[in-house]
Amino acid sequence: MSKVVTRFAPSPTGTLHIGGVRTALFNYIYAKQNNGEFLVRIEDTDRERSTKAYEKNILDTLSSIGLSPDKKPINQSERNDIYIKAAEQIIASGDAYWCDCSEEDLEKMRNQQMADGKKPMYDGRSRRLGLERSSKTVLRLATPEDGEIVVNDMIRGEIRFNNAELDDLILLRSDGTPTYHLCNVVDDFEQGVTTVIRGEDHISNTPRQIHIQNALGYPALEYAHLPLVLGPDKKRLSKRHAATSLEEYKDMGYLDSAILNSLARLGWSGGDKEVFYIDDLIKDFDIKDVQKAGAIFDITKLDWLNAQHLSHLSLESFIEHIKPFAKKINIDINDHQNAHLLIASMRTSENTLFDIAKALRPYFMDVSDYDEKAIERFLSNGTKNLEDICDLLETIDEWNEEQIDLLLKEYQTNNNLKVPEVNQPIRIALTGSTKSPSLGLTLTFFDKKEAVSRIRKLKSFLS
RNA sequence: GUCCCGUUCGUCUAGAGGCCUAGGACACCGGGUUUUCAUCCCGGCAACAGGGGUUCGACUCCCCUACGGGAUGCCA
(Lines give C-alpha, C1' and ligand atoms only; values in the text may rest on other atoms or scores of the structure.)
Protein backbone atom coordinates (compact mmCIF):
# COMPACT_ATOMS: atom_id res chain seq x y z
CA MET A 1 0.00 0.00 0.00
CA SER A 2 1.19 3.48 -0.79
CA LYS A 3 2.12 5.96 1.90
CA VAL A 4 -0.77 7.40 3.87
CA VAL A 5 -1.34 11.08 3.18
CA THR A 6 -3.98 13.06 5.02
CA ARG A 7 -4.90 16.68 4.72
CA PHE A 8 -6.66 19.47 6.54
CA ALA A 9 -8.37 21.82 4.09
CA PRO A 10 -9.75 24.92 5.78
CA SER A 11 -11.18 27.89 3.97
CA PRO A 12 -9.79 31.14 5.34
CA THR A 13 -13.10 32.79 6.10
CA GLY A 14 -12.56 33.01 9.87
CA THR A 15 -10.04 32.30 12.60
CA LEU A 16 -9.12 28.70 13.31
CA HIS A 17 -12.14 27.08 14.96
CA ILE A 18 -11.63 24.45 17.63
CA GLY A 19 -13.76 22.07 15.57
CA GLY A 20 -11.23 22.60 12.81
CA VAL A 21 -8.41 21.93 15.24
CA ARG A 22 -10.03 18.61 16.06
CA THR A 23 -10.31 17.70 12.39
CA ALA A 24 -6.69 18.70 11.88
CA LEU A 25 -5.68 16.72 14.97
CA PHE A 26 -7.33 13.52 13.79
CA ASN A 27 -5.75 13.94 10.37
CA TYR A 28 -2.38 14.55 11.98
CA ILE A 29 -2.65 11.55 14.28
CA TYR A 30 -3.79 9.23 11.53
CA ALA A 31 -0.91 10.28 9.31
CA LYS A 32 1.67 9.94 12.07
CA GLN A 33 0.52 6.56 13.25
CA ASN A 34 0.86 5.28 9.69
CA ASN A 35 4.23 6.90 9.11
CA GLY A 36 2.51 9.07 6.57
CA GLU A 37 2.24 12.75 5.84
CA PHE A 38 -0.10 15.41 7.11
CA LEU A 39 -0.80 18.19 4.61
CA VAL A 40 -2.63 21.48 4.71
CA ARG A 41 -4.45 23.06 1.82
CA ILE A 42 -6.02 26.48 1.89
CA GLU A 43 -9.35 26.40 0.10
CA ASP A 44 -9.60 30.03 -0.79
CA THR A 45 -11.62 29.86 -3.96
CA ASP A 46 -14.34 31.97 -2.39
CA ARG A 47 -12.78 35.33 -3.18
CA GLU A 48 -15.49 37.26 -1.41
CA ARG A 49 -14.97 35.80 2.03
CA SER A 50 -11.39 34.57 2.08
CA THR A 51 -8.72 36.80 3.55
CA LYS A 52 -4.97 36.56 3.95
CA ALA A 53 -5.30 37.57 7.60
CA TYR A 54 -7.48 34.56 8.38
CA GLU A 55 -5.15 32.36 6.39
CA LYS A 56 -2.25 33.54 8.49
CA ASN A 57 -4.20 33.00 11.68
CA ILE A 58 -5.07 29.45 10.70
CA LEU A 59 -1.55 28.52 9.68
CA ASP A 60 0.08 30.22 12.67
CA THR A 61 -2.23 28.84 15.33
CA LEU A 62 -2.14 25.40 13.77
CA SER A 63 1.61 25.20 14.03
CA SER A 64 1.64 26.90 17.41
CA ILE A 65 -0.37 24.02 18.80
CA GLY A 66 1.96 21.51 17.23
CA LEU A 67 0.01 20.43 14.18
CA SER A 68 2.46 21.57 11.56
CA PRO A 69 2.03 20.18 8.06
CA ASP A 70 4.80 18.07 6.57
CA LYS A 71 4.90 20.13 3.41
CA LYS A 72 4.32 23.75 2.60
CA PRO A 73 0.58 24.45 2.43
CA ILE A 74 -0.87 25.13 -0.99
CA ASN A 75 -3.48 27.69 -1.97
CA GLN A 76 -6.26 26.78 -4.34
CA SER A 77 -6.47 30.35 -5.56
CA GLU A 78 -3.05 29.92 -7.16
CA ARG A 79 -3.84 26.71 -8.97
CA ASN A 80 -6.52 27.70 -11.41
CA ASP A 81 -4.75 26.31 -14.45
CA ILE A 82 -4.66 22.85 -12.95
CA TYR A 83 -8.40 22.80 -12.35
CA ILE A 84 -9.21 24.12 -15.78
CA LYS A 85 -7.06 21.43 -17.31
CA ALA A 86 -8.91 18.78 -15.32
CA ALA A 87 -12.22 20.25 -16.44
CA GLU A 88 -11.06 20.08 -20.04
CA GLN A 89 -10.14 16.46 -19.54
CA ILE A 90 -13.67 15.72 -18.34
CA ILE A 91 -15.14 17.57 -21.30
CA ALA A 92 -12.94 15.58 -23.66
CA SER A 93 -14.10 12.32 -22.14
CA GLY A 94 -17.69 13.37 -22.64
CA ASP A 95 -18.63 13.36 -18.97
CA ALA A 96 -19.49 17.04 -18.78
CA TYR A 97 -21.70 19.45 -20.64
CA TRP A 98 -22.47 23.16 -20.87
CA CYS A 99 -25.66 24.43 -19.32
CA ASP A 100 -27.22 27.87 -19.75
CA CYS A 101 -30.06 27.68 -17.24
CA SER A 102 -30.54 30.99 -15.45
CA GLU A 103 -30.69 31.33 -11.70
CA GLU A 104 -34.38 32.19 -11.99
CA ASP A 105 -35.13 29.04 -13.98
CA LEU A 106 -33.31 26.93 -11.45
CA GLU A 107 -35.08 28.62 -8.57
CA LYS A 108 -38.46 27.96 -10.20
CA MET A 109 -37.54 24.37 -10.88
CA ARG A 110 -36.51 23.75 -7.27
CA ASN A 111 -39.67 25.31 -5.89
CA GLN A 112 -41.80 23.12 -8.12
CA GLN A 113 -39.90 20.01 -7.03
CA MET A 114 -40.34 20.95 -3.37
CA ALA A 115 -44.04 21.50 -3.92
CA ASP A 116 -44.23 18.03 -5.47
CA GLY A 117 -42.54 16.54 -2.44
CA LYS A 118 -39.41 15.70 -4.37
CA LYS A 119 -35.80 16.39 -3.62
CA PRO A 120 -34.77 19.72 -5.16
CA MET A 121 -32.09 19.00 -7.70
CA TYR A 122 -31.03 20.00 -11.16
CA ASP A 123 -33.08 17.92 -13.59
CA GLY A 124 -30.46 17.74 -16.32
CA ARG A 125 -32.52 19.65 -18.82
CA SER A 126 -29.47 20.95 -20.73
CA ARG A 127 -27.73 17.63 -20.72
CA ARG A 128 -28.54 16.54 -24.23
CA LEU A 129 -28.78 19.97 -25.79
CA GLY A 130 -25.19 20.02 -27.00
CA LEU A 131 -24.73 23.67 -26.00
CA GLU A 132 -21.52 25.54 -26.80
CA ARG A 133 -19.57 27.40 -24.19
CA SER A 134 -20.55 31.04 -23.69
CA SER A 135 -20.38 33.70 -21.01
CA LYS A 136 -23.69 32.41 -19.68
CA THR A 137 -22.87 28.73 -19.46
CA VAL A 138 -21.63 26.67 -16.55
CA LEU A 139 -19.97 23.32 -16.98
CA ARG A 140 -21.85 20.45 -15.37
CA LEU A 141 -20.73 16.93 -14.64
CA ALA A 142 -22.88 14.30 -16.35
CA THR A 143 -23.56 12.08 -13.37
CA PRO A 144 -24.58 8.48 -14.07
CA GLU A 145 -28.36 8.26 -13.97
CA ASP A 146 -28.64 4.89 -12.36
CA GLY A 147 -26.58 2.62 -10.17
CA GLU A 148 -25.26 3.59 -6.78
CA ILE A 149 -22.17 4.85 -5.06
CA VAL A 150 -21.02 3.06 -1.95
CA VAL A 151 -18.86 5.11 0.36
CA ASN A 152 -16.89 2.98 2.74
CA ASP A 153 -16.47 5.14 5.78
CA MET A 154 -13.95 4.10 8.42
CA ILE A 155 -16.25 5.34 11.16
CA ARG A 156 -19.70 4.58 9.79
CA GLY A 157 -19.21 1.61 7.52
CA GLU A 158 -20.95 1.50 4.14
CA ILE A 159 -23.05 4.47 3.14
CA ARG A 160 -25.05 4.04 -0.05
CA PHE A 161 -26.31 6.71 -2.39
CA ASN A 162 -28.51 6.18 -5.40
CA ASN A 163 -27.09 8.00 -8.36
CA ALA A 164 -30.64 9.02 -9.20
CA GLU A 165 -30.54 11.16 -6.05
CA LEU A 166 -27.53 13.08 -7.27
CA ASP A 167 -27.80 15.92 -9.71
CA ASP A 168 -25.30 17.19 -12.23
CA LEU A 169 -23.13 19.47 -10.18
CA ILE A 170 -21.35 22.50 -11.51
CA LEU A 171 -17.66 22.10 -12.26
CA LEU A 172 -16.96 25.51 -13.78
CA ARG A 173 -18.93 28.66 -13.05
CA SER A 174 -20.09 30.89 -15.89
CA ASP A 175 -17.11 33.15 -15.21
CA GLY A 176 -14.89 30.17 -15.86
CA THR A 177 -13.72 29.62 -12.29
CA PRO A 178 -13.75 26.12 -10.81
CA THR A 179 -16.02 25.18 -7.91
CA TYR A 180 -15.21 23.58 -4.60
CA HIS A 181 -15.93 20.00 -5.62
CA LEU A 182 -13.63 20.08 -8.64
CA CYS A 183 -10.77 21.79 -6.81
CA ASN A 184 -11.12 19.48 -3.87
CA VAL A 185 -10.97 16.32 -5.93
CA VAL A 186 -8.17 17.53 -8.17
CA ASP A 187 -6.03 18.67 -5.26
CA ASP A 188 -6.52 15.49 -3.28
CA PHE A 189 -5.18 13.67 -6.30
CA GLU A 190 -2.39 16.13 -7.05
CA GLN A 191 -1.24 16.12 -3.43
CA GLY A 192 -1.28 12.35 -3.29
CA VAL A 193 -3.90 12.28 -0.56
CA THR A 194 -4.99 8.77 0.34
CA THR A 195 -7.27 9.41 3.27
CA VAL A 196 -9.92 12.05 3.71
CA ILE A 197 -10.82 12.78 7.32
CA ARG A 198 -13.31 15.61 7.60
CA GLY A 199 -16.57 16.66 9.27
CA GLU A 200 -19.77 14.74 8.74
CA ASP A 201 -21.26 17.75 7.01
CA HIS A 202 -19.34 16.47 4.01
CA ILE A 203 -20.96 13.05 3.87
CA SER A 204 -23.38 13.99 1.17
CA ASN A 205 -20.60 15.66 -0.82
CA THR A 206 -18.70 12.42 -1.00
CA PRO A 207 -20.63 10.58 -3.73
CA ARG A 208 -20.46 13.70 -5.89
CA GLN A 209 -16.74 13.91 -5.47
CA ILE A 210 -16.37 10.23 -6.22
CA HIS A 211 -18.13 10.83 -9.53
CA ILE A 212 -15.62 13.53 -10.38
CA GLN A 213 -12.78 11.19 -9.43
CA ASN A 214 -14.26 8.53 -11.70
CA ALA A 215 -14.60 10.95 -14.58
CA LEU A 216 -10.95 11.88 -14.15
CA GLY A 217 -9.82 8.31 -13.65
CA TYR A 218 -8.41 8.97 -10.18
CA PRO A 219 -7.93 6.18 -7.65
CA ALA A 220 -10.45 5.81 -4.83
CA LEU A 221 -9.78 7.38 -1.44
CA GLU A 222 -10.33 6.26 2.12
CA TYR A 223 -12.89 8.26 4.06
CA ALA A 224 -13.69 8.99 7.68
CA HIS A 225 -16.45 11.45 8.51
CA LEU A 226 -16.13 12.87 11.98
CA PRO A 227 -19.14 13.74 14.12
CA LEU A 228 -19.57 17.47 14.62
CA VAL A 229 -18.62 19.44 17.71
CA LEU A 230 -21.87 20.78 19.15
CA GLY A 231 -23.04 23.48 21.51
CA PRO A 232 -25.35 22.72 24.47
CA ASP A 233 -28.35 23.06 22.16
CA LYS A 234 -26.95 20.32 19.91
CA LYS A 235 -26.33 22.67 17.06
CA ARG A 236 -22.85 23.05 15.62
CA LEU A 237 -20.66 24.90 18.04
CA SER A 238 -20.66 28.58 17.23
CA LYS A 239 -19.82 31.89 18.82
CA ARG A 240 -23.29 31.95 20.31
CA HIS A 241 -22.36 29.08 22.60
CA ALA A 242 -18.79 29.70 23.61
CA ALA A 243 -15.45 30.86 22.40
CA THR A 244 -14.74 29.05 19.15
CA SER A 245 -11.30 30.29 18.14
CA LEU A 246 -8.32 28.29 19.18
CA GLU A 247 -6.44 31.45 20.06
CA GLU A 248 -9.14 32.48 22.50
CA TYR A 249 -8.60 29.29 24.46
CA LYS A 250 -4.87 29.79 24.39
CA ASP A 251 -5.37 33.34 25.62
CA MET A 252 -7.48 32.13 28.51
CA GLY A 253 -4.58 30.04 29.70
CA TYR A 254 -5.37 26.55 28.51
CA LEU A 255 -2.32 24.50 27.67
CA ASP A 256 -1.95 23.29 24.09
CA SER A 257 -1.70 19.71 25.28
CA ALA A 258 -4.89 20.05 27.33
CA ILE A 259 -6.80 21.56 24.43
CA LEU A 260 -5.69 18.74 22.15
CA ASN A 261 -6.50 16.20 24.85
CA SER A 262 -10.00 17.51 25.34
CA LEU A 263 -10.65 17.71 21.61
CA ALA A 264 -9.45 14.15 21.08
CA ARG A 265 -11.72 12.89 23.86
CA LEU A 266 -14.65 14.54 22.15
CA GLY A 267 -15.98 11.62 20.16
CA TRP A 268 -13.30 9.17 21.13
CA SER A 269 -12.12 7.40 24.24
CA GLY A 270 -9.26 5.11 25.07
CA GLY A 271 -10.54 2.89 27.84
CA ASP A 272 -10.63 4.48 31.28
CA LYS A 273 -7.70 6.75 30.54
CA GLU A 274 -8.48 10.46 30.43
CA VAL A 275 -5.16 12.23 30.18
CA PHE A 276 -3.49 11.93 26.81
CA TYR A 277 -0.55 13.72 25.29
CA ILE A 278 -0.03 13.73 21.54
CA ASP A 279 2.34 10.76 21.68
CA ASP A 280 -0.23 8.76 23.63
CA LEU A 281 -2.79 9.59 21.01
CA ILE A 282 -0.54 8.49 18.19
CA LYS A 283 -0.12 5.23 20.07
CA ASP A 284 -3.68 4.62 21.31
CA PHE A 285 -6.02 6.43 18.95
CA ASP A 286 -7.97 4.40 16.41
CA ILE A 287 -10.13 6.21 13.91
CA LYS A 288 -12.50 3.25 13.83
CA ASP A 289 -13.37 3.85 17.46
CA VAL A 290 -14.60 7.37 16.90
CA GLN A 291 -18.17 7.93 17.99
CA LYS A 292 -20.81 8.42 15.31
CA ALA A 293 -22.96 10.95 17.10
CA GLY A 294 -22.10 14.61 17.53
CA ALA A 295 -20.49 15.61 20.81
CA ILE A 296 -21.35 18.60 22.95
CA PHE A 297 -18.30 20.61 23.91
CA ASP A 298 -18.16 21.01 27.68
CA ILE A 299 -15.61 23.45 28.99
CA THR A 300 -15.67 22.03 32.53
CA LYS A 301 -13.95 18.92 31.25
CA LEU A 302 -11.33 21.09 29.57
CA ASP A 303 -10.88 22.90 32.89
CA TRP A 304 -10.21 19.66 34.67
CA LEU A 305 -7.90 18.35 31.97
CA ASN A 306 -6.03 21.64 32.02
CA ALA A 307 -5.49 21.28 35.74
CA GLN A 308 -4.19 17.76 35.13
CA HIS A 309 -1.79 18.87 32.42
CA LEU A 310 -0.70 21.83 34.53
CA SER A 311 0.07 19.53 37.44
CA HIS A 312 2.36 17.45 35.24
CA LEU A 313 4.54 20.44 34.45
CA SER A 314 7.79 20.84 36.36
CA LEU A 315 7.88 23.96 38.50
CA GLU A 316 10.40 25.58 36.15
CA SER A 317 8.24 24.86 33.16
CA PHE A 318 5.12 26.01 34.98
CA ILE A 319 6.77 29.33 35.75
CA GLU A 320 7.76 29.78 32.12
CA HIS A 321 4.18 29.10 31.10
CA ILE A 322 2.62 31.51 33.54
CA LYS A 323 4.96 34.42 32.85
CA PRO A 324 3.18 35.77 29.76
CA PHE A 325 -0.16 35.63 31.55
CA ALA A 326 1.25 37.43 34.57
CA LYS A 327 2.71 40.02 32.25
CA LYS A 328 -0.74 40.71 30.83
CA ILE A 329 -1.80 42.00 34.24
CA ASN A 330 1.47 43.80 34.83
CA ILE A 331 3.06 41.24 37.06
CA ASP A 332 6.71 40.40 36.63
CA ILE A 333 7.30 37.10 38.38
CA ASN A 334 10.93 38.08 38.92
CA ASP A 335 9.87 40.97 41.12
CA HIS A 336 9.17 38.57 43.95
CA GLN A 337 12.11 37.43 46.04
CA ASN A 338 10.48 34.10 46.76
CA ALA A 339 8.72 33.54 43.47
CA HIS A 340 9.39 29.84 43.21
CA LEU A 341 7.87 28.95 46.54
CA LEU A 342 5.00 31.35 46.00
CA ILE A 343 4.12 29.84 42.66
CA ALA A 344 4.64 26.31 43.91
CA SER A 345 2.05 26.94 46.58
CA MET A 346 -0.38 28.72 44.27
CA ARG A 347 -0.22 26.58 41.15
CA THR A 348 -3.27 24.51 41.99
CA SER A 349 -5.42 27.45 43.01
CA GLU A 350 -7.22 27.73 39.65
CA ASN A 351 -7.65 25.74 36.46
CA THR A 352 -6.15 28.09 33.92
CA LEU A 353 -2.86 29.94 33.72
CA PHE A 354 -4.58 33.29 33.44
CA ASP A 355 -6.75 32.69 36.50
CA ILE A 356 -3.74 31.53 38.47
CA ALA A 357 -1.87 34.65 37.41
CA LYS A 358 -4.76 36.76 38.66
CA ALA A 359 -4.70 34.91 41.97
CA LEU A 360 -1.07 35.98 42.29
CA ARG A 361 -1.97 39.66 42.25
CA PRO A 362 -2.02 40.35 46.00
CA TYR A 363 1.56 39.12 46.26
CA PHE A 364 2.76 41.64 43.72
CA MET A 365 0.59 44.68 44.25
CA ASP A 366 -1.35 46.49 46.93
CA VAL A 367 -4.67 45.17 48.05
CA SER A 368 -7.46 47.69 47.90
CA ASP A 369 -10.50 45.46 47.66
CA TYR A 370 -11.49 43.35 50.61
CA ASP A 371 -13.97 40.52 50.43
CA GLU A 372 -17.02 42.00 52.17
CA LYS A 373 -18.48 38.72 53.27
CA ALA A 374 -15.18 37.69 54.79
CA ILE A 375 -14.97 40.96 56.70
CA GLU A 376 -18.49 40.56 57.94
CA ARG A 377 -17.76 37.06 59.10
CA PHE A 378 -14.36 37.49 60.71
CA LEU A 379 -14.05 41.14 61.64
CA SER A 380 -17.48 42.26 62.72
CA ASN A 381 -16.46 41.86 66.37
CA GLY A 382 -13.74 44.44 66.25
CA THR A 383 -10.08 44.48 65.36
CA LYS A 384 -8.45 43.70 68.66
CA ASN A 385 -6.93 40.40 67.55
CA LEU A 386 -5.67 42.02 64.42
CA GLU A 387 -3.93 44.72 66.39
CA ASP A 388 -2.50 42.35 68.95
CA ILE A 389 -1.09 40.04 66.36
CA CYS A 390 0.30 42.92 64.40
CA ASP A 391 2.21 44.09 67.45
CA LEU A 392 3.47 40.61 68.13
CA LEU A 393 4.60 40.09 64.56
CA GLU A 394 6.65 43.24 64.76
CA THR A 395 8.67 41.72 67.58
CA ILE A 396 9.79 38.72 65.56
CA ASP A 397 13.49 38.73 64.83
CA GLU A 398 13.66 35.84 62.44
CA TRP A 399 10.91 36.30 59.87
CA ASN A 400 10.36 32.71 58.86
CA GLU A 401 7.49 30.28 58.71
CA GLU A 402 8.36 28.37 61.91
CA GLN A 403 8.71 31.48 64.03
CA ILE A 404 5.53 32.97 62.71
CA ASP A 405 3.54 29.77 63.18
CA LEU A 406 4.85 29.47 66.72
CA LEU A 407 3.79 32.97 67.55
CA LEU A 408 0.34 32.57 66.03
CA LYS A 409 -0.22 29.29 67.82
CA GLU A 410 0.83 30.85 71.12
CA TYR A 411 -1.52 33.76 70.68
CA GLN A 412 -4.36 31.43 69.78
CA THR A 413 -3.92 29.24 72.90
CA ASN A 414 -3.27 32.11 75.27
CA ASN A 415 -6.45 33.83 74.25
CA ASN A 416 -8.46 30.70 73.89
CA LEU A 417 -9.38 31.39 70.30
CA LYS A 418 -10.25 29.19 67.39
CA VAL A 419 -7.76 29.03 64.54
CA PRO A 420 -9.86 30.87 61.97
CA GLU A 421 -10.50 33.69 64.41
CA VAL A 422 -6.78 34.32 64.49
CA ASN A 423 -5.86 33.52 60.93
CA GLN A 424 -8.61 34.73 58.69
CA PRO A 425 -8.44 38.42 59.63
CA ILE A 426 -4.77 38.40 58.76
CA ARG A 427 -5.40 36.64 55.47
CA ILE A 428 -7.92 39.31 54.62
CA ALA A 429 -5.40 42.01 55.42
CA LEU A 430 -2.72 40.40 53.28
CA THR A 431 -4.67 39.20 50.28
CA GLY A 432 -8.12 40.73 50.52
CA SER A 433 -9.68 37.30 50.84
CA THR A 434 -9.70 34.25 53.08
CA LYS A 435 -7.90 32.16 50.52
CA SER A 436 -4.17 31.74 50.60
CA PRO A 437 -1.52 29.13 51.33
CA SER A 438 -1.00 28.26 54.98
CA LEU A 439 -0.74 31.46 56.94
CA GLY A 440 2.83 31.23 58.18
CA LEU A 441 3.94 30.67 54.63
CA THR A 442 1.68 33.38 53.29
CA LEU A 443 3.23 35.88 55.70
CA THR A 444 6.70 35.03 54.48
CA PHE A 445 5.66 35.94 50.96
CA PHE A 446 5.76 39.51 52.25
CA ASP A 447 8.56 40.99 54.23
CA LYS A 448 7.82 41.89 57.82
CA LYS A 449 7.39 45.55 57.11
CA GLU A 450 4.92 44.96 54.28
CA ALA A 451 2.93 42.42 56.28
CA VAL A 452 2.60 44.76 59.22
CA SER A 453 1.68 47.64 56.99
CA ARG A 454 -1.04 45.63 55.26
CA ILE A 455 -2.54 44.68 58.61
CA ARG A 456 -2.51 48.32 59.72
CA LYS A 457 -4.07 49.33 56.47
CA LEU A 458 -6.98 46.97 56.99
CA LYS A 459 -7.36 48.22 60.53
CA SER A 460 -7.68 51.80 59.44
CA PHE A 461 -9.91 50.75 56.57
CA LEU A 462 -12.29 49.30 59.11
CA SER A 463 -12.35 52.17 61.53
C1' G B 1 -40.51 18.30 1.80
C1' U B 2 -36.50 14.81 -0.01
C1' C B 3 -31.85 12.23 0.82
C1' C B 4 -28.05 11.02 4.35
C1' C B 5 -26.17 10.41 9.37
C1' G B 6 -27.29 9.68 14.29
C1' U B 7 -29.84 8.52 19.55
C1' U B 8 -26.32 4.76 26.80
C1' C B 9 -26.14 9.08 33.36
C1' G B 10 -26.70 16.73 33.04
C1' U B 11 -21.87 16.25 29.81
C1' C B 12 -17.73 13.07 27.43
C1' U B 13 -17.90 7.97 27.02
C1' A B 14 -17.25 1.88 28.01
C1' G B 15 -20.24 -1.76 26.02
C1' A B 16 -19.19 -6.24 19.18
C1' G B 17 -26.15 -11.47 22.28
C1' G B 18 -25.36 -13.99 28.24
C1' C B 19 -19.19 -11.07 31.79
C1' C B 20 -24.68 -5.49 32.87
C1' U B 21 -27.24 -5.41 39.71
C1' A B 22 -25.04 -1.17 32.65
C1' G B 23 -18.44 0.44 33.99
C1' G B 24 -15.14 5.00 33.96
C1' A B 25 -14.42 10.38 33.81
C1' C B 26 -16.21 15.54 34.36
C1' A B 27 -19.94 18.26 36.86
C1' C B 28 -22.92 18.08 41.24
C1' C B 29 -23.82 16.48 46.52
C1' G B 30 -21.73 14.40 51.14
C1' G B 31 -17.32 12.96 54.14
C1' G B 32 -11.91 12.94 55.17
C1' U B 33 -6.95 15.47 54.80
C1' U B 34 -5.47 20.75 54.87
C1' U B 35 -5.08 26.02 61.00
C1' U B 36 -8.56 28.85 55.38
C1' C B 37 -8.85 28.00 49.98
C1' A B 38 -7.12 24.80 46.27
C1' U B 39 -4.87 20.06 45.57
C1' C B 40 -5.50 15.02 47.15
C1' C B 41 -8.46 10.72 49.13
C1' C B 42 -13.24 8.20 50.13
C1' G B 43 -18.51 7.84 49.24
C1' G B 44 -23.23 9.17 46.79
C1' C B 45 -26.68 10.77 42.89
C1' A B 46 -27.55 9.67 37.87
C1' A B 47 -28.59 6.65 31.56
C1' C B 48 -29.67 2.02 27.40
C1' A B 49 -35.58 7.55 23.21
C1' G B 50 -40.44 4.58 22.38
C1' G B 51 -42.78 0.36 20.09
C1' G B 52 -42.56 -4.13 17.55
C1' G B 53 -39.85 -8.38 16.05
C1' U B 54 -35.47 -12.29 15.89
C1' U B 55 -33.53 -15.31 20.04
C1' C B 56 -33.63 -19.73 25.49
C1' G B 57 -31.60 -14.67 26.25
C1' A B 58 -30.95 -8.06 23.58
C1' C B 59 -27.83 -1.85 25.43
C1' U B 60 -25.92 -5.02 21.67
C1' C B 61 -29.19 -7.84 15.44
C1' C B 62 -33.77 -6.32 12.15
C1' C B 63 -38.14 -3.08 11.29
C1' C B 64 -41.22 1.09 12.46
C1' U B 65 -42.09 5.67 15.11
C1' A B 66 -40.28 9.89 17.61
C1' C B 67 -36.53 13.25 18.25
C1' G B 68 -31.78 15.58 16.85
C1' G B 69 -28.19 16.84 13.24
C1' G B 70 -26.29 17.38 8.23
C1' A B 71 -27.08 18.06 3.03
C1' U B 72 -30.18 19.88 -0.50
C1' G B 73 -25.79 26.96 -3.68
C1' C B 74 -22.71 29.47 -10.17
C1' C B 75 -20.26 28.75 -0.54
C1' A B 76 -16.52 25.80 1.12
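Every chain is numbered from 1, with letters handed out A, B, ... down the list of sequences.
- If you check every strand for non-hydrogen atoms under 4.0 Å, A:Lys301 touches a base.
- In this structure, A:Glu274 reaches the bases: a heavy-atom distance under 4.0 Å links it to at least one base atom across the strands shown.
- Looking at heavy-atom distances under 4.0 Å, A:Pro232 makes no contact with the nucleic acid at all.
- If you check every strand for non-hydrogen atoms under 4.0 Å, A:Thr300 touches sugar and phosphate atoms only.
- Relative ring orientation between A:His336 and A:Phe445 is described as perpendicular, the plane-to-plane angle rising above 60° on a 0-90° scale split at 30° and 60°.
- As judged by a 4.0 angstrom heavy-atom cut-off over every strand, A:Leu228 is placed among residues touching the sugar-phosphate backbone only.
- Mapping A:Gly270 and A:Arg110 onto RNA chain B by nearest heavy atom places A:Gly270 at the nucleotide closer to the 5' end.
- As the counterpart of B:rU55, no nucleotide is assigned, since no Watson-Crick or G-U wobble pattern has both distances under 3.5 Å.
- If you check every strand for non-hydrogen atoms under 4.0 Å, A:Leu439 touches a base.
- Using a 30° and 60° split on the angle between ring planes, A:Tyr277 and A:His309 fall in the tilted class, from 30° to 60°.
- Ring-centre distance between A:Phe38 and A:Tyr30: not below the 6.0 Å cut-off.
- Taking atom C1' on both B:rU65 and B:rG6, the two are 15 Å apart, rounded to the nearest angstrom.
- Taking the 5' to 3' direction, RNA chain B first and last meets chain A under 4.0 angstrom from a heavy atom at B:rG1 to B:rA76.
- Within 6.0 Å of CG on A:Asn381 lie no more than 12 heavy atoms contributed by other residues, nucleotides or ligands.
- Between A:His202 and A:Pro420, the residue anchored nearer the 5' end of RNA chain B, judged by the nucleotide with its closest heavy atom, is A:Pro420.
- Between A:Lys384 and A:Asp388, at least one side-chain N (NZ, or NE/NH1/NH2) sits under 4.0 Å from a carboxylate O, which counts as a salt bridge.
- One N or O on the side chain of A:Thr137 and one on the backbone of A:Ser134 form a donor-acceptor pair closer than 3.5 Å.
- Across all strands shown, A:Cys101 has heavy atoms under 4.0 Å from base atoms, whether or not it also approaches the sugar-phosphate.
- Looking at heavy-atom distances under 4.0 Å, A:Gly440 makes contact with a base.
- Residue contacts shown for A:Ser438 include a base, since a base heavy atom lies under 4.0 Å away.
- Pairing for B:rC67 is with B:rG6, a Watson-Crick or G-U wobble pair whose two hydrogen-bonding atom distances lie under 3.5 Å.
- Pairing partner, B:rU60: none, since no Watson-Crick or wobble contact has both distances short of 3.5 Å.
- B:rC41 sits 10 Å from B:rA25 when the P atoms are compared, rounded to a whole Å.
- Nucleotides B:rU13 and B:rA47, compared at atom C1', are 12 Å apart to the nearest Å.
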If you apply the rule side-chain hydrogen bond (donor to acceptor under 3.5 Å, both in side chains), what do you find for A:Thr352 with A:Asn306, and how did you get there?
CA-CA 7 Å; A:Thr352 64; A:Asn306 201 236; 5.7 Å; no
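- Looking at heavy-atom distances under 4.0 Å, A:Ser436 makes contact with a base.
- Contacts of A:Arg427 with the nucleic acid, taken as non-hydrogen atoms under 4.0 Å apart, include base atoms.
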